[in-house]
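So that the names make sense, note that chain A is the first sequence line, chain B the second, and so on, each numbered from 1.
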Protein chains: 2
Amino acid sequence: MTAPSKRGANAGVALYQRIRSDIEGRIVSGEWPPGHRLPFEHELMDTYSCARMTVNKVLSGLAAAGLVERKRRAGSFVSRPKVHSAVLQIPDLKAEVESRGQRYGYALLQRQKRTATREDKARLDLDLRAPILALRCRHDAAKQPFALEDRILNLDAVPDAAQQDFSEVPPSTWLVDHVPWTEAEHRISAGNADEALAADLNIDVGTACLIIERRTWRNGQPITAVRLVHPGPLYDLTARFTPSG
Amino acid sequence: MTAPSKRGANAGVALYQRIRSDIEGRIVSGEWPPGHRLPFEHELMDTYSCARMTVNKVLSGLAAAGLVERKRRAGSFVSRPKVHSAVLQIPDLKAEVESRGQRYGYALLQRQKRTATREDKARLDLDLRAPILALRCRHDAAKQPFALEDRILNLDAVPDAAQQDFSEVPPSTWLVDHVPWTEAEHRISAGNADEALAADLNIDVGTACLIIERRTWRNGQPITAVRLVHPGPLYDLTARFTPSG
DNA sequence: AGATGCCATTTGTCTATACATATTACCTGG
DNA sequence: CCAGGTAATATGTATAGACAAATGGCATCT
């Protein structure tokens with residue numbers, strides 16, 4: 001609300017929000033298809049009897065959300081989304097498990113401080129011989145192995161991690177609370193469990209697993225690379241999405 | 001540009017963008033950690049010698065991007081991101097294959113117009129007996145099966161689809177161009193190939209596959225449900241993400 | 001001490017105005 | 001007829017001022 005809701009017809013929402021829903025509605029309903037030129041700012045001004053700053057705020061917001069594209073002198077156009085994009089939420093595993101009403105368990109299987117091998121170098125963009133912390137742990141849901149985590153941490157970027165034994169607190173939880181990041185990359189794939197994995201996850205050899213690999217940087221400096229392997233039948237990622245953002 | 005660049009020190013970017021990068025920098029660098037209260041609007045006004053509307057635009061933008069939370073009377077605070085989120089891009093398969101420099105192929109395996117079974121009803125939120133189009137097709141990359149698509153289409157929502165034989169144009173491509181949607185849900189999981197799947201995809205029985213299931217609605221009305229099965233070794237999803245949005 | 005109401009502060013929204021900038025459409029001279 | 005300049009137009013950014021709404025704290029009353 002705000003802005004004296006001039007003549008009571010205002011149902012408690014801000015004017016610019018009403019205008020925005022209005023326009024969004026026409027776009028998603030197909031009334032204004034991709035490529036369609038929407039009214040000029042001064043036309044919307046007249047339509048809604050408001051100042052240009054108000055409609056400008058709306059159109060800028062829609063442009064920021066990717067629903068429209070704006071061109072000087074030409075006008076604003078409904079943009080055509082080329083790809084399906086979905087905002088994938090990858091929460092802390094502990095929170096994930098507990099939100100299903102299951103008991104969460106954690107075990108550190110291996111902790112090793114060493115210098116980067118050629119393999120590590122390929123995995124993150126590390127310098128060869130950079131000091132790293134290699135961790136291997138298991139996450140359980142309702143006493144069943146739920147994920148195997150295999151992580152390397154760049155100690156040049158996160159020296160504090162060397163002081164942490166990760167026997168109680170999972171590295172992912174510690175990192176979220178202590179290390180800001182600027183860039184992340186996820187790769188999601190499927191693979192068959194080999195013998196070692198099958199033993200650790202208590203599943204049959206050959207069972208399909210969902211593999212999530214994440215790499216994180218901070219201003220270009222590599223922080224960590226993690227590989228999470230979930231037993232196929234026990235896990236799936238879900239993403240919901242609306243074009244409005 | 002814009003706004004008379006008061007005294008030339010302006011490097012060609014708008015004032016509000018300079019302020020925004022400035023603040024974003026302090027946040028991602030950790031100088032202003034999660035929970036930290038950032039300066040009040042009137043303090044930023046003084047700092048940057050500008051009007052309140054300008055800093056308001058910056059802070060509102062940061063709030064929309066999820067970097068800060070704003071509370072009346074209390075101030076604006078750096079928000080603590082609880083989940084890793086990633087924008088997953090799921091492009092048209094044809095574009096995906098060709099962007100890898102491989103030849104794309106498509107084959108329609110099955111096309112059936114019928115009424116919804118109980119199984120279909122569970123898959124989308126269809127009414128029982130609603131008219132649907134069931135499709136099964138294969139996508140190839142460099143002559144190798146690359147994905148098996150199994151789709152149902154709600155003909156009540158998309159009557160035009162009944163006129164389309166999908167022998168040349170993949171349904172996903174046709175849909176993107178013809179049907180706007182307001183909501184989508186993705187589920188990503190892993191599974192072992194059974195005999196039928198192994199035969200269609202030309203892989204061994206038991207090979208791990210990446211399974212992507214997508215359901216799409218338009219203003220609450222179900223449009224389509226699709227299940228894409230990719231041979232594990234041949235495919236992965238990649239998402240890149242920066243907190244700034 | 002505890003409940004209650006008022007006030008100051010901060011963000012939220014809106015207006016009216018101004019000038020900058022990019023780009024198209026048009027006009028004019030060669 | 002074309003090249004080049006010019007005006008018109010729509011967006012981009014910024015300002016100053018105004019009032020609304022939410023809320024934390026303080027003062028007051030019981």
Side-chain angles (χ1 to χ4, degrees), chain A residues 1-24 32 35-79, chain B residues 1-24 32 35-79:
Chain A
M1 49 239 339
T2 265
S5 64
K6 304 198 162 180
R7 39 191 74 73
N10 197 328
V13 283
L15 174 57
Y16 87 95
Q17 283 175 346
R18 291 202 317 106
I19 301 177
R20 176 156 177 168
S21 332
D22 205 354
I23 296 179
E24 272 186 10
W32 289 348
H36 180 264
R37 204 211 78 222
L38 30 142
F40 297 126
E41 293 189 349
H42 72 262
E43 293 173 317
L44 291 170
M45 264 173 80
D46 292 347
T47 304
Y48 295 99
S49 311
C50 64
R52 187 164 79 94
M53 277 302 297
T54 305
V55 300
N56 183 292
K57 181 171 182 169
V58 172
L59 294 179
S60 304
L62 289 169
L67 262 83
V68 307
E69 288 168 14
R70 314 195 70 195
K71 290 205 185 101
R72 276 186 160 143
R73 173 65 218 250
S76 306
F77 302 83
V78 179
S79 54
Chain B
M1 56 257 310
T2 270
S5 65
K6 303 195 164 185
R7 39 191 77 73
N10 196 330
V13 285
L15 174 57
Y16 87 95
Q17 284 175 346
R18 291 203 316 108
I19 301 177
R20 175 154 178 170
S21 330
D22 204 355
I23 296 179
E24 270 186 12
W32 289 348
H36 180 264
R37 205 210 80 221
L38 28 143
F40 297 125
E41 293 189 350
H42 73 262
E43 293 174 317
L44 291 171
M45 263 174 80
D46 292 347
T47 304
Y48 295 100
S49 312
C50 65
R52 187 164 81 94
M53 277 301 296
T54 305
V55 300
N56 183 292
K57 181 172 184 170
V58 172
L59 294 179
S60 303
L62 289 169
L67 262 82
V68 307
E69 289 167 15
R70 314 195 70 195
K71 290 204 183 102
R72 278 184 157 138
R73 172 68 217 242
S76 306
F77 301 84
V78 179
S79 56

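Distances shorter than 4.0 Å separate some side-chain N or O of A/Arg70 from OP1 or OP2 on D/dG12. For B/Thr54, a side-chain nitrogen or oxygen approaches OP1 or OP2 of D/dT15 to under 4.0 Å.
Among pairs with a residue in residues 49-65 of chain A, those fulfilling salt bridge (charged side-chain N to carboxylate O under 4.0 Å, His left out) read A/Glu41-A/Arg52, at least two apart in sequence or across chains.
Side-chain atoms of B/Arg73 and base atoms of C/dA8 include a donor and an acceptor less than 3.5 Å apart. Residue side chain B/Arg52 does not reach the base of D/dG17 through any donor-acceptor N/O pair under 3.5 Å, judged by distance alone.
What you find for B/Pro39 and B/Trp32 is that their closest heavy atoms are CD-CH2, 3.7 Å.
Distance from the side chain of B/Met53 is smallest for C/dC14 among the nucleotides D/dA20, C/dT17, C/dC14. Among D/dA14, D/dT11, C/dC14, the nucleotide with an atom closest to any side-chain atom of A/Arg72 is D/dT11. Which of C/dT15, D/dA14, C/dT13 sits closest to the side chain of A/Ala51 comes down to C/dT15.
Side-chain atoms of A/Thr54 do not come within 3.5 Å of backbone N or O of A/Cys50 as any donor-acceptor pair. A donor-acceptor pair under 3.5 Å links the side-chain atoms of A/Ser79 to the main chain of A/Gly66, judged by distance alone.
Contacts between residues 35-46 of chain A and DNA chain D, defined by a heavy-atom separation under 4.0 Å, are made by A/Phe40, A/Glu41, A/His42.
Within 4.0 Å (heavy atoms only), A/Ser76 reaches sugar-phosphate atoms of the nucleic acid but no base atom.
Between B/Ile23 atom CD1 and B/Tyr48 atom OH the span is 5.5 Å, to the nearest 0.5 Å.
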